[in-house]
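Report on the structure given below.
Numbering of ligands and ligand atoms starts at 1, following listing order. Note that the coordinates shown come from a computational prediction; the quantities given were computed from them, not determined experimentally.
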Amino acid sequence: MKKVLITGGAGYIGTELTSLLLESGHEVTVYDTLMYDGAILIPFFKDNNFKFIKGDILDTEKLSEAIKGQDVVIHLAAVVGYFACDKNKRLSVDINVKGTKNVIDCMTEDQLLLFGSTGSNYGKVDGICLETTPLNPSTLYGETKTEAEEIVMAEHKNSIAYRFATAFGVSPRLRMDLLINDLAYKAVTDGCLVIYQSTAMRTFIHVRDMAMSFLFAIHNADKMKGEVYNCGSNSLNYSKRDICEMIKEKTDCYIHYNDFDYDKDNRDYEVSYDKLQSLGFDVSVSVEEGIDELLSVYKVLNFVDQRYLNTGFPEIN
Ligand SMILES: NC(=O)c1ccc[n+]([C@@H]2O[C@H](COP(=O)([O-])OP(=O)(O)OC[C@H]3O[C@@H](n4cnc5c(N)ncnc54)[C@H](O)[C@@H]3O)[C@@H](O)[C@H]2O)c1
């Protein structure tokens with residue numbers, strides 16, 4: 001049993017991870033400002049191994065107190081996605097970069113740090129992205145995450161960073177701005193999809209598998225630490241068109257392909273997951289299964305409010 005603190009533990013990945021770590025017998029403290037929704041944490045309070053601290057990673061005194069005595073810190077707190085970062089530039093740099101530095105400064109050398117980095121760090125790449133491929137982020141989100149990852153790897157040797165593929169699927173705190181989650185929702189509510197850059201290659205991972213990857217890192221820390229890993233699966237590299245056709249098959253929606261816009265994050269890339277897979281980690285949920293699960297959930301979720309869109313917090317530039 002490990003004592004694990006999750007910054008950003010009330011988020012999309014954090015709530016799924018909290019659930020998995022508690023199920024696995026670990027003691028979990030969520031440290032989060034509750035930027036979106038606190039109510040989703042309610043079921044966890046039934047577990048004696050769960051603790052919540054409402055706190056900001058920019059508040060070093062509170063953060064330091066929370067980190068004291070933990071075996072593992074999983075650092076997920078961030079302003080997430082290019083849209084949210086562009087709306088909140090100064091705050092995003094503060095939270096994503098300075099906040100990460102604060103986490104490291106509050107930790108002792110023996111504490112293990114697991115960092116949720118992103119494939120957005122690569123920017124546009126011709127060929128297949130390996131962990132050694134130069135990083136060339138094309139948005140503020142990617143820039144702040146790249147800087148944070150560099151700080152983590154340079155300043156805390158007992159660290160593992162995962163450059164995650166784009167998440168999909170259902171978690172206690174659902175995010176509707178993620179590509180597959182968004183397309184599946186539009187297919188059932190609007191009955192049609194209008195798609196730009198349909199040949200762009202993207203890479204995906206189910207949110208449950210992201211949580212599993214952190215459990216894997218806790219179990220295999222000795223052989224993994226000091227390294228960055230692409231986290232996803234070679235079997236989940238798809239074009240946008242592939243995803244749309246899968247959704248069409250299940251919903252019979254109408255699809256109009258038209259290059260009226262482009263992805264600001266420039267994500268048109270394939271990624272190799274050989275490094276992590278060679279250690280024995282692989283994903284368990286396919287895109288098809290994730291779409292089925294989303295379509296079932298959308299039958300009970302008959303509204304979209306700002307909490308699900310990663311845009312609903314004050315603009316500070
Ligand atoms: N979802 C993805 O596809 C994806 C892919 C790659 C990497 N990541 C990374 O994983 C992490 C989690 O992403 P997510 O999808 O769960 O995002 P999310 O927006 O659902 O969760 C972020 C959480 O961080 C909290 N938070 C924000 N600022 C904070 C602060 N100053 N102090 C404490 N808590 C704060 C928010 O309240 C929220 O609960 C992020 O670091 C993100 O960059 C996500």
Side-chain angles (χ1 to χ4, degrees), residues 5-18 29-41 52-60 62-63 66-67 73-85 88 91-100 102-103 114-122 137 139-149 152 161-169 171-182 202-211 213-214 229-232 236 265 267 271 290 306-314 316:
L5 178 120
I6 311 175
T7 72
Y12 176 67
I13 301 168
T15 46
E16 189 66 22
L17 179 59
T18 297
T29 301
V30 163
Y31 186 93
D32 200 298
T33 47
L34 301 183
M35 199 179 254
Y36 299 107
D37 191 5
I40 33 99
L41 295 176
F52 172 67
I53 299 171
K54 185 164 185 199
D56 193 321
I57 55 171
L58 298 176
D59 177 348
T60 44
K62 200 172 205 177
L63 181 65
I67 287 179
V73 174
I74 304 182
H75 177 39
L76 300 177
V79 178
V80 183
Y82 69 74
F83 192 78
C85 285
N88 305 275
L91 185 65
S92 303
V93 174
D94 274 357
I95 294 178
N96 295 6
V97 181
K98 203 163 144 214
T100 300
N102 288 346
V103 170
L114 307 181
F115 178 59
S117 192
T118 168
S120 291
N121 294 358
Y122 288 116
T139 58
L140 181 63
Y141 172 60
E143 283 167 18
T144 58
K145 293 297 292 186
T146 300
E147 203 179 330
E149 184 196 287
V152 165
Y162 279 143
R163 284 183 199 145
F164 282 117
T166 300
F168 66 94
S171 98
R173 182 208 122 47
L174 192 51
R175 268 184 66 189
M176 308 287 284
D177 58 313
L178 296 161
L179 186 68
I180 294 179
N181 297 5
D182 175 56
R202 295 286 300 271
T203 176
F204 300 97
I205 182 169
H206 191 273
V207 63
R208 183 77 177 174
D209 284 321
M210 289 172 134
S213 74
F214 283 120
Y229 300 84
N230 290 331
C231 188
L236 299 186
D265 224 355
R267 284 164 297 183
V271 177
Q306 288 296 313
R307 281 179 304 170
Y308 301 117
L309 295 174
N310 270 33
T311 54
F313 50 95
I316 306 168

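Between atom NZ of residue Lys62 and atom CG of residue Asp56 there is a gap of 9.0 Å, rounded to the nearest 0.5 Å. Here the straight-line distance linking atom CZ of Phe204 with atom CZ of Phe168 works out to 8.5 Å at 0.5 Å rounding. If you take CZ on Phe115 and CZ on Arg163, they are separated by 10.5 Å, rounding to the nearest 0.5 Å. Taking CG from Leu76 and CG from Asp32, the interatomic distance works out to 9.5 Å, rounded to the nearest 0.5 Å.
Only backbone heavy atoms of Leu34 (N, CA, C or O) come within less than 4.0 Å of ligand 1; its side chain stays farther off. With a 4.0 Å heavy-atom cut-off, ligand 1 is reached by no atom of Ala84. Contact annotation for Ser120 and ligand 1: no heavy atom of the residue comes within less than 4.0 Å of the ligand. Residue contacts with ligand 1 for Arg163 are absent, since no atom lies close enough (heavy atoms, distance under 4.0 Å).
Residue Gly11 has at least one heavy-atom neighbour below 4.0 Å for each of these atoms of ligand 1: 16 (O), 20 (O), 21 (O), 39 (O). Interface atoms of ligand 1 facing Thr118, defined by a heavy-atom separation under 4.0 Å, are 6 (C), 7 (C). For ligand 1, the atoms closer than 4.0 angstrom to any heavy atom of Gly8 are 23 (C), 24 (O), 25 (C). With ligand atoms numbered from 1 in the order given, ligand 1 contributes 9 (C), 41 (O) to contacts under 4.0 Å with heavy atoms of Gly116. Residue contact check: Arg175 has heavy atoms under 4.0 Å from atoms 1 (N), 14 (P), 15 (O), 17 (O), 20 (O) of ligand 1. Of all the atoms in ligand 1, the ones that sit under 4.0 Å from a non-hydrogen atom of Gly55 are 32 (N), 33 (C). Short contacts between ligand 1 and Ala167, defined as distances under 4.0 Å to a heavy atom of the residue, involve ligand atoms 1 (N), 2 (C), 3 (O). Remark: ligand 1 atoms within the under-4.0 Å shell around heavy atoms of Ser117 are 6 (C), 7 (C).
Tyr36 carries Arg173 over the face of its six-membered ring, with the cationic atom under 6.0 Å from the centre and within 45° of the normal.
Contacts of Tyr12 classified as ring pair (Phe, Tyr, Trp, His ring centres under 6.0 Å), with partners at least two apart in sequence or in another chain: none. In terms of the side-chain contact (heavy atoms from CB on, under 4.5 Å) criterion, residue partners of Asp94 (sequence neighbours excluded) are, by chain and number, Leu58, Lys98.
No heavy atom of Leu58 sits closer than 4.0 Å to any atom of ligand 1. For the ligand labelled ligand 1, residue Thr7 lies outside the 4.0 Å heavy-atom shell. Within the 4.0 Å heavy-atom cutoff, Tyr141 counts among the residues contacting ligand 1.
Counting only heavy atoms from C-beta outward, the side chains of His206 and Asp209 approach each other to under 4.5 Å.
Remark: ligand 1 and Met35 share an N or O pair separated by less than 3.5 Å (distance only, no angle test). Considering backbone and side-chain N/O atoms, His75 never comes within less than 3.5 Å of an N/O atom of ligand 1. Where the criterion is an N or O separation shorter than 3.5 Å, residue side chain and backbone included, Val80 fails it with respect to ligand 1.
Here atom 36 (C) of ligand 1 lies nearest to Asp32 when heavy atoms of Leu174, Asp32, Asp56, Thr144 are compared. When Ile40, Leu91, Leu76 are checked for heavy-atom proximity to atom 40 (C) of ligand 1, Leu76 turns out nearest. Across Phe164, Tyr31, Tyr36, heavy-atom proximity to atom 6 (C) of ligand 1 is greatest for Phe164. In this structure, of Met210, Lys145, Lys62, the residue bringing a heavy atom nearest to atom 41 (O) of ligand 1 is Lys145.
Ring-centre distance between Phe214 and Phe164: below the 6.0 Å cut-off.
Remark: the Glu16 side chain and the Ser171 side chain contain no N/O donor-acceptor pair separated by less than 3.5 Å.
For the pairing with Thr18, the side-chain contact (heavy atoms from CB on, under 4.5 Å) check across Ile13, Thr29, Val30 returns one residue only, Val30.
Of all the heavy atoms in Gly142 and Pro137, the pair that sits closest is C-CB, 3.4 Å.
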Quick one, Asn121 with Ser117, criterion side chain to side chain donor-acceptor pair (under 3.5 Å). Give me CA distance, side-chain angles, the key distance, then yes/no.
CA-CA 8 Å; Asn121 294 358; Ser117 192; 3.0 Å; yes
